[in-house]
Protein chains: 2
Amino acid sequence: MEDVAALAAVSAMTVSRALRDPTSVNTETRLRIEAAIDATGYVPNRIAGSLASRRTNVVGLIVPSLRNSLFAETIQGVSDALGAHHPLMIADSGYALAGEEAAIRAFLAQRICGIVLHNTQHTTRSRSMLEDAGIPCVETGNLTEKPLDMTVGFSNYDAACAMTEYLIGRGYKNIGFVSLPIHDNDRAAERRAGFLAAHQRRGLISAPELLLESPPGLRSGGLALATLIERVPAVDAVFLSGDVLATGALLEANRRGLDVPNKIAIVGSDDNELQEAVSPPLTTLRFPRYQIGHQAAEMLMKRLRNPSRDVSRLDLGYELIERASA
Amino acid sequence: MEDVAALAAVSAMTVSRALRDPTSVNTETRLRIEAAIDATGYVPNRIAGSLASRRTNVVGLIVPSLRNSLFAETIQGVSDALGAHHPLMIADSGYALAGEEAAIRAFLAQRICGIVLHNTQHTTRSRSMLEDAGIPCVETGNLTEKPLDMTVGFSNYDAACAMTEYLIGRGYKNIGFVSLPIHDNDRAAERRAGFLAAHQRRGLISAPELLLESPPGLRSGGLALATLIERVPAVDAVFLSGDVLATGALLEANRRGLDVPNKIAIVGSDDNELQEAVSPPLTTLRFPRYQIGHQAAEMLMKRLRNPSRDVSRLDLGYELIERASA
DNA sequence: ACCCCTCATGTTAGCGCAAACATAAGCGGA
DNA sequence: TCCGCTTATGTTTGCGCTAACATGAGGGGT
């Protein structure tokens, strides 16, 4: 920076200012400085800047898995909203609370200016670290009642409840429910709770044999369907509430020559191109995953500009997409 | 850190050492320091550490898109290999060389210790910035002949060539080729070149009408198939070399009642669970995307430990998965 | 003329660590 | 006894910036 300053015949301070707020220096001076930067190939050192100003522009994001295309949507939303001014640090928790805690610790050591979490469950230590850090935080995986700070997303409980009521309304009696493993996964837990609540609300009883946890994957979905049919031959509908499970189940039903939806209905969640393309196209829940990421980042940046506590909860809802599979 | 040092009755320097290399301090002292850290809730400031030591542990990764599950595999591989000790900064180029340059500039300002790129084409400025920075760099998207520094992956040219020769060997004469847009995308360009090379090698001529560029997406794949059939009714095989195009084309063929592979063969690339699950299952190319990310990160870290120039090129190959669609 | 205000730029100090060197204590061998 | 070596810890300095304050030049208003 000294070199640039010398070349532009100003002090280092003026260069620093020109970089941070071009309007704060004289136009002529600014042009000289820009020319000098170009000539020297100077790349500002934000590490030093961050230390001096005691803040960074880096935002942290923790998702359960980087592989999953669901989270990929949210990541893209966050990244797009942040733009070039806010570098993005990403880590995955491996679907474990301890993994999240480790990532939070690492991020706080990097003095991130804000954080986006997918989980809404956290270890005690995670909570206290985030509190002590005093940085804005957005939880996105589930619209929780008592967020750490801010939250944006949809209610997994409501969505699962709505889908279940839809099935009950169409006359299905023995509805199977498949979710990802509930352990350390509040989204899956909420969905199962919603599924059960819908039964209660409609005066039905859901047999425990109809509740299943499954690893993610197309194959797992097929396996889950097979398991349910074997356990409860009278099962007439299955709600597979995670990942690509529903598509896997539908493909399995097709292989077995089961008539969907007359012999058995299959519905899913997390609509994607594929669910529409299979035959019959799947009735499913659609979640605004990209928007969730985008809004999360927007809320973070708004808070950074203006450290008030106004917007702290944003429900982006869900859609029930009716197609031919139920 | 001063607080911790006081509580443990040592100097700040000893705390710093205990944090960076626990073996370098006396066991008793270390335990006192650890207790003090626990008691105070001290979180080290790596910004300050980085400034003082003039290096960071942060690794940068730039992919064309964060949405795409192909890149997601690589991202996960990088993240897993880096572990907790190396935070990961991610940006997407939006499939544009200018986007990559902007991301590189931002990363260099953050003084990343190494970088993983997917693209192997770069702007002149990108190249010079990376050279000047003098940090290790791994290119992963295509096994290029003259990498900036290191490269790991597979040859898109060879893979496409092999698939095309496979089709020719099975007697197909009028083979269509669909790729993602070639602009700023060396992978797509290489694949098309490989496709053409296979024809030349076998003494066949590929009609220009059989070459198509398509946006990504399931629907686009169907559309591409329709376009090719309309243009060249005699087309007897189509090689869709990107994203989920092949699956889309297959679903479209099914909708049209075309017999695959007897009326028309369809082959793809980037094997995934879905390509195996559709009917008929797709013959396709499989790329070790996760391993590529993993190895890229490993190479980076190895170079950081030992700044020699030994391993600089690693071919992880590809597999041709024969199934029933050709 | 004087003051005060704005605008543009400069000066000083220090952010929280780690590199480099300094110190001190213990120990074995000649 | 003294030296040289190792091990454990302390002191000094500065990384490259920015916050906060200082300076100085110009420009009305009274």
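Proteins come first, then strands; the chains are lettered A, B, ... in the order of their sequence lines, and each starts at number 1. What you see is a predicted model; the values in this text were computed from it and never measured.
- In this structure, A:D21 atom CG and C:dA8 atom P are separated by 11 Å, rounded to whole Å.
- Listed by chain and number, the residues in a side-chain contact (heavy atoms from CB on, under 4.5 Å) with B:A189 are B:I182 (sequence neighbours excluded).
- Of the candidates C:dA19, C:dG16, C:dG10, C:dG16 carries the atom nearest the B:A52 side chain, counting heavy atoms from C-beta on.
- Partners of A:R187 by salt bridge (charged side-chain N to carboxylate O under 4.0 Å, His left out), not counting sequence neighbours: none found.
- Sequence neighbours left out, the pairs with a member in residues 3-14 of chain A that pass side chain to side chain donor-acceptor pair (under 3.5 Å) are A:S11-A:T14.
- Remark: C1' of C:dA19 and CG of B:L19 are 17 Å apart, rounded to the nearest angstrom.
- Screening residues 65-74 of chain A for side chain to side chain donor-acceptor pair (under 3.5 Å), with sequence neighbours left out, gives A:R67-B:E73, A:N68-A:D243, A:E73-B:R67.
- With sequence neighbours excluded, the residues forming a ring-ring contact (aromatic ring centres under 6.0 Å, His included) with B:F287 are B:F154, listed by chain and number.
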Under 3.5 Å, which donor-acceptor pairs link side chains of residues 126-137 of chain B to any protein atom two or more places apart or in another chain?
residue: B:S126; atom: OG; partner: B:T123; partner atom: OG1; Å: 2.7
residue: B:S128; atom: OG; partner: B:R125; partner atom: O; Å: 3.0

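- Checked against ring-ring contact (aromatic ring centres under 6.0 Å, His included), B:F71 has the following partners two or more places apart in sequence or in another chain: B:H118.
- One can place CZ of B:R54 at 17 Å from P of D:dT13, the figure rounded to the nearest angstrom.
- Using a 4.0 Å cut-off on heavy atoms, none of the residues of residues 23-30 of chain A approach DNA chain D.
- Distances were taken from every side-chain heavy atom of B:T14 (C-beta onward) to each of D:dT9, C:dG10, C:dG16; the shortest belongs to D:dT9.
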Might you list the N or O atoms of the protein lying below 3.5 Å from N or O atoms in nucleotides 20-22 of chain C, with each pair's distance?
none

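- Partners of A:E145 according to the salt bridge (charged side-chain N to carboxylate O under 4.0 Å, His left out) rule, which considers only residues two or more places apart in sequence or in another chain, are A:R313.
- Residue contacts shown for A:R55 are limited to sugar-phosphate atoms, with no base heavy atom under 4.0 Å away.
- The pair A:E298-A:K302 fails the salt-bridge criterion, with no side-chain N (NZ, NE, NH1 or NH2) lying under 4.0 Å from an Asp/Glu carboxylate O.
- Between the side chains of B:T144 and B:N142, no donor N or O sits under 3.5 Å from an acceptor N or O.
- Within residues 39-51 of chain B, the residues that place at least one heavy atom under 4.0 Å from DNA chain C are, in residue-number order, B:Y42, B:N45, B:A48, B:G49.
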Donor-acceptor contacts, no H, no angles, side chain residues 80-91 of chain A, under 3.5 Å, sequence neighbours left out:
residue: A:D80; atom: OD1; partner: A:Q76; partner atom: NE2; Å: 3.0
residue: A:D80; atom: OD2; partner: A:Y290; partner atom: OH; Å: 2.5
residue: A:H86; atom: ND1; partner: A:N57; partner atom: O; Å: 2.8

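- Atom CD1 in A:I33 sits roughly 15 Å away from atom C1' in D:dC17 (whole-Å rounding).
- As a whole-Å value, the separation of B:N57 CG from C:dC17 P is 15 Å.
- Of the listed nucleotides (D:dC17, D:dA19, D:dG10), D:dA19 has the atom at the smallest distance from the side chain of A:R20.
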